[in-house]
Amino acid sequence: MTETKDTDAASRDAMPTNFIRQAIDADIAAGRVQGRVVTRFPPEPNGYLHIGHAKSICLNFGVAHDYPGAVCRLRFDDTNPTKERVDFMEEIQADVRWLGFGWGDRVRHASDYFEPLFEYAVRLIESGHAYVCSLGPEEIRACRGTLTEPGRDSPYRSRPIDESLDLFTRMRDGEFEEGAHVLRARIDMAAPNMNLRDPVIYRILHTPHPLTGDAWHVYPMYDFAQALSDAIEGVTHSLCTLEFEDHRPLYEWFLETLEIRSPPRQIEFGRLNLTHTVMSKRYLTRLVDGGHVDGWDDPRMPTIAGMRRRGFTPEALRDFCERVGVTKNDGAVEFERLEICVRADLEPATRRAMAVLRPLKLVIENYPEDAAETFEAPNHPADPSLGSRRVPFSRELFIEHDDFLEDPPRKFFRFALGREVRLRYACLVTCTGVVRDPRTGSVVEIRGRYDPDSRGGKAPDGRKVRGTVHWVCARQGVRATVRLYDRLFRDPAPDRDVEHLAEQINPDSLRTLESSVVEPALALASPGTPFQFERLGYFVADCRDHGHGTPVFNRTVTLRDSWSRQKKKEPG
Ligand code: ATP
Ligand code: MG
């Protein structure tokens with residue numbers, strides 16, 4: 001996808017719409033947009049992006065894609081060097097690209113504008129709209145007042161302009177300890193909106209910045225940096241989440257007070273939340289740093305990198321974001337809805353393969369000991385263009401442990417003593433006996449006889465065989481590790497107490513099977529290749545661990561929504 005795309009008005013009618021696009025349309029119609037529409041996606045590089053960010057990305061880059069000549073910028077909000085890292089910036093760029101979006105010429109950073117932002121702050125001081133306050137953080141908080149009581153003026157509110165200018169310059173040069181002074185906007189300590197009670201706009205920090213090193217000792221606060229970075233970049237529509245609604249008056253105060261021409265317009269939309277997970281980077285950082293997950297890209301994480309590693313596709317994530325839509329509320333969307341999009345995207349073009357997760361040996365007694373053959377299996381049941389493959393077969397096979405029951409209910413159409421079952425693509429086999437572990441008495445192998453006239457799986461006399469199971473040749477199949485992922489938290493709405501986050505993790509969120517077997521060809525699949533394992537679900541060759549000796553597959557999603565059913569079955 002490129003940065004811009006010409007779309008005529010007619011095709012715009014067919015574009016997805018939402019209240020934000022309607023607001024943009026109204027601004028264009030009223031002549032309030034000078035030139036092209038400009039949006040931005042402003043992540044803070046203090047962690048990986050999550051699916052909530054994907055919603056913002058699809059919205060911002062989607063507008064840029066659909067409006068004639070419009071652009072969307074990727075701008076890092078790198079104003080807090082204590083938490084931000086260059087490797088996070090790199091991963092974020094990779095994730096945005098993977099989602100299918102580009103940002104044209106170059107990546108931008110709030111730090112690119114540290115000089116002009118500082119100049120804007122100086123202008124605020126010079127015009128009497130900002131002052132250096134030397135109260136400590138506690139005192140500032142104590143003077144803020146409450147929702148029902150006004151705040152109290154700082155004793156430094158009337159500090160002479162020259163003195164503030166001098167102090168601010170020396171703050172920048174690193175002369176003072178952190179917390180010794182801050183720069184505050186002079187607005188109104190009695191404003192009903194607390195954000196307008198002389199907010200701090202610059203603070204002293206001596207931590208080196210990942211990009212500007214130790215060039216700066218003062219860093220702008222979020223609201224100031226956002227409003228003016230937007231202005232510098234000619235952003236027309238600054239889209240952000242609902243929690244910034246109360247900050248809009250401050251955003252606008254900066255733009256008005258500094259007499260920005262064609263100021264950007266802030267519009268808020270509801271955050272995306274998903275059930276059975278936590279979204280904010282604050283929580284995700286906890287899970288990673290505490291070693292409760294296998295890094296930011298653990299396939300159970302709601303991060304874009306985790307979802308990629310799990311086998312979710314960019315198409316599915318974009319489809320999901322579109323279906324969820326852009327609204328004014330923050331409700332949680334069921335995880336199942338995301339899985340529906342994943343299945344819908346994978347179904348039409350994903351190759352089929354056979355894998356046995358929990359193997360039980362089946363010996364076909366009337367099949368010659370030293371014979372071997374292959375059966376043809378289509379790679380996709382509905383798309384012949386994906387071709388077919390030959391699957392090796394011999395006297396000894398593996399079937400799924402679950403596909404055999406000693407005491408089956410009547411409607412169990414799989415293996416049980418005396419029952420005939422179809423081995424998919426191969427032949428019909430009747431179970432004739434079992435081999436038990438002499439110590440435990442449990443079944444370790446089943447025996448069977450096949451009908452030599454049923455090659456390909458068709459009964460020669462047209463007799464009805466209802467059950468069909470998948471299988472893998474015991475001699476040529478390859479041992480594999482399979483990771484079964486499930487909801488990270490059992491509870492749809494985990495308790496948001498950071499201290500008690502880890503203990504709420506679903507103990508079954510990862511089950512690792514070390515002795516699965518797969519068709520031999522799968523061992524050669526390149527990392528990231530998706531498959532549908534017949535009857536089991538969609539899986540993907542792990543992008544990190546697959547191909548180093550043992551094949552490793554991650555379960556992307558089951559074939560059907562087993563979660564709601566499973567929840568009912570399992571206690572607790
Ligand atoms: P987090 O709480 O996860 O740290 P954040 O808002 O602090 O989120 P940023 O990196 O500052 O993270 O966010 C970049 C952009 O993504 C912002 O415009 C923000 O509004 C948007 N965004 C973040 N989380 C969500 C979400 N859950 N749904 C929609 N947009 C989001
Ligand atoms: Mg943030």
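First listed ligand is number 1; within each ligand, the first listed atom is number 1.
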Is the distance from the ring center of F118 to that of Y113 below 6.0 Å?
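So the answer is no for these two rings.
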Measuring centre to centre across the rings, with the benzene-like ring taken for any Trp, is F61 within less than 6.0 Å of F101?
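So the answer is yes for these two rings.
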Charged N to carboxylate O below 4.0 Å: is that the case for [X] and [Y]?
X    : Y    : value
R323 : D319 : yes
D297 : R308 : no
R108 : D77  : no

Could you note down all residue pairs passing salt bridge (Lys or Arg N to Asp or Glu O under 4.0 Å) where residues 190-211 supplies at least one of them, sequence neighbours left out?
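Every pair satisfying salt bridge (Lys or Arg N to Asp or Glu O under 4.0 Å) with a residue in residues 190-211: R157-D198.
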Geometry only, no angles: is [X] polar-contacting ligand 1 at N/O separations under 3.5 Å?
X    : answer
T241 : yes
D77  : no
R40  : no
K55  : no
C240 : no
E44  : yes
G52  : yes

Results of ring-ring contact (aromatic ring centres under 6.0 Å, His included) for H292 - residues two or more places apart only
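Not a single residue meets the ring-ring contact (aromatic ring centres under 6.0 Å, His included) criterion with H292.
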Closest candidate by heavy atom, reference [atom], pool [options]:
atom                    : options               : answer
atom 9 (P) of ligand 1  : E268, R75, K281, R282 : K281
atom 22 (N) of ligand 1 : E243, K83, H53        : H53
atom 14 (C) of ligand 1 : P42, S56, G270        : P42

Using a strict 4.0 Å cut-off to heavy atoms of P43, name the atoms of ligand 1 that fall inside it.
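Reading through ligand 1 atom by atom, the close ones are 10 (O), 14 (C).
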Considering only heavy atoms of F269, which atoms of ligand 1 have at least one such atom less than 4.0 Å away?
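Result: 29 (C), 30 (N).
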Does F244 come within less than 4.0 angstrom of ligand 1, counting non-hydrogen atoms of the residue?
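Not so, F244 does not reach ligand 1.
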Sort out for me which residue in F168, Y222, F176 forms a ring-ring contact (aromatic ring centres under 6.0 Å, His included) with Y202.
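In the set F168, Y222, F176, the residue that makes a ring-ring contact (aromatic ring centres under 6.0 Å, His included) with Y202 is F168.
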Please say whether more than 12 non-hydrogen atoms of neighbouring residues, nucleotides or ligands are located less than 6.0 Å from CD in E177.
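Atom CD in E177 is not crowded, with 12 or fewer foreign heavy atoms closer than 6.0 Å.
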